[in-house]
Peer 1: 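Here it is, the structure, as C-alpha cells.
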Amino acid sequence: RFRSTFRPDDTRLIRVGGGVTGCVAWWPEDGAARIKHFYLAPAFQRLGLGAAVLRRVFAQAGAAAVRVTRFRVAALRDSDANRFYARHGFVPLSQGEWDIEYEREYDRATAAAAPFP
C-alpha cells in the first residue's frame, strides 16, 4: 500500500537534532490537500512535534499556487492517529476495510498564525 501511493517529490523528512524522526507528504487533490505517509518515530510521538508538523503542512499548502479549501487524510482504523486527527479538527467522512477517511476545512488565519518549531 505504501509503494502504490509513495510520491518522493512530495515527501519531506522530519528532522530533530540532525536525525530523521519521520516523514510526511502532501499534494493537491481536487481542491484539497491530501496528506499521506505522516509517520513519527515512537520516541518523538506525544511531544507536540506532530502538531507542529501539521501546522507547517497547513501553512505550506496555503502558500502553494493551487487553491486549497480543505485537507484530507486517512488513518488505519485501530491507529492512535485517529485521536490525533480528531484533536486537530479532522472529521470522519467514511470507513473502509482498513482506513478511516477524514477531512478538515482549511482555516487560512490559523495556518498563517501558527508558529514553526
Side-chain angles (χ1 to χ4, degrees):
R1 285 180 10 133
F2 179 88
R3 276 189 290 219
S4 68
T5 59
F6 179 59
R7 295 170 57 161
D9 292 343
D10 297 317
T11 302
R12 301 293 177 261
L13 296 178
I14 301 165
R15 296 178 183 271
V16 174
V20 175
T21 60
C23 64
V24 65
W26 75 269
W27 54 82
E29 177 185 271
D30 301 325
R34 167 63 62 183
I35 300 170
K36 291 288 279 188
H37 310 302
F38 187 3
Y39 302 110
L40 285 176
F44 293 91
Q45 295 174 6
R46 295 179 178 83
L47 301 174
L49 180 60
V53 170
L54 197 57
R55 286 191 306 268
R56 181 165 289 195
V57 169
F58 293 160
Q60 288 175 344
V66 177
R67 180 167 158 69
V68 172
T69 60
R70 60 198 180 284
F71 290 87
R72 293 184 188 132
V73 68
L76 287 171
R77 290 174 64 114
D78 295 326
S79 170
D80 288 344
N82 292 290
R83 288 190 303 277
F84 172 80
Y85 291 122
R87 277 195 315 272
H88 293 283
F90 287 85
V91 295
L93 293 178
S94 63
Q95 292 190 31
E97 180 180 0
W98 300 103
D99 298 321
I100 300 173
E101 180 77 19
Y102 292 92
E103 189 170 88
R104 178 192 193 276
E105 294 297 316
Y106 176 60
D107 180 350
R108 191 169 299 278
T110 300
F116 293 159

Peer 1: Would you find a donor on one side and an acceptor on the other, under 3.5 Å apart, between the side chain of Arg104 and the backbone of Val91?
Peer 2: no
Peer 1: Would you name the heavy atoms of His88 and Ala51 that are closest together and state the gap between them?
Peer 2: CE1-CB, 3.5 Å
Peer 1: Would you please indicate yes or no on a ring centroid separation below 6.0 angstrom for Phe58 and Phe71?
Peer 2: yes
Peer 1: Applying a strict under-4.5 Å side-chain criterion to I, L, V, M, F, W and Y, I'd like to know whether Phe44 and Val57 cluster together.
Peer 2: yes
Peer 1: Between Asp80 and Arg46, does at least one N-O distance fall below 4.0 Å, as a salt bridge requires?
Peer 2: yes
Peer 1: Are any non-hydrogen side-chain atoms of Val73 and Phe38 less than 4.5 angstrom apart?
Peer 2: no
Peer 1: About how many Å separate CG of Asp30 and CZ of Arg72, when rounded to the nearest 0.5 Å?
Peer 2: 5.5 Å
Peer 1: Donor-acceptor pair, distance only, cut-off 3.5 Å: does the side chain of Glu101 make one with the backbone of Pro92?
Peer 2: no
Peer 1: Do NZ/NE/NH1/NH2 and the carboxylate oxygens of Arg70 and Glu105 come within less than 4.0 Å?
Peer 2: no
Peer 1: Where is the tightest heavy-atom contact between Ala75 and Asn82, given as atom of each residue plus distance?
Peer 2: CB-OD1, 3.5 Å
Peer 1: Do Tyr85 and Trp27 belong together in a cluster built from hydrophobic side chains that touch within less than 4.5 Å?
Peer 2: no
Peer 1: Closest approach of Gln95 and Ile100, non-hydrogen atoms and distance?
Peer 2: CG-CG1, 3.8 Å
Peer 1: To the closest 0.5 Å, what do you measure between CZ (Arg12) and NE2 (His37)?
Peer 2: 13.5 Å
Peer 1: Please assess Leu49 against Leu40 for the test side chain to side chain contact (heavy atoms under 4.5 Å, CB included), listing each intermediate value before the final yes or no.
Peer 2: CA-CA 9 Å; Leu49 180 60; Leu40 285 176; 3.8 Å; yes
Peer 1: For the CD1 atom of Ile35 and the CH2 atom of Trp26, what is their distance to the nearest 0.5 Å?
Peer 2: 9.5 Å
Peer 1: Answer whether the closest heavy-atom distance between the side chains of Phe90 and Leu54 falls below 4.5 Å.
Peer 2: yes
Peer 1: As an exercise, state the distance from OG of Ser94 to CD of Glu103, rounded to the nearest 0.5 Å.
Peer 2: 10.0 Å
Peer 1: Working to the nearest 0.5 angstrom, can you tell me the gap between Thr21 OG1 and Tyr39 OH?
Peer 2: 14.5 Å
Peer 1: Can you find a heavy atom in the side chain of Val20 that is under 4.5 Å from one in the side chain of Ile14?
Peer 2: no
Peer 1: Closer than 3.5 angstrom, by distance alone: can the side chain of Arg77 be matched with the main-chain N or O of Gly96 as a donor-acceptor pair?
Peer 2: yes
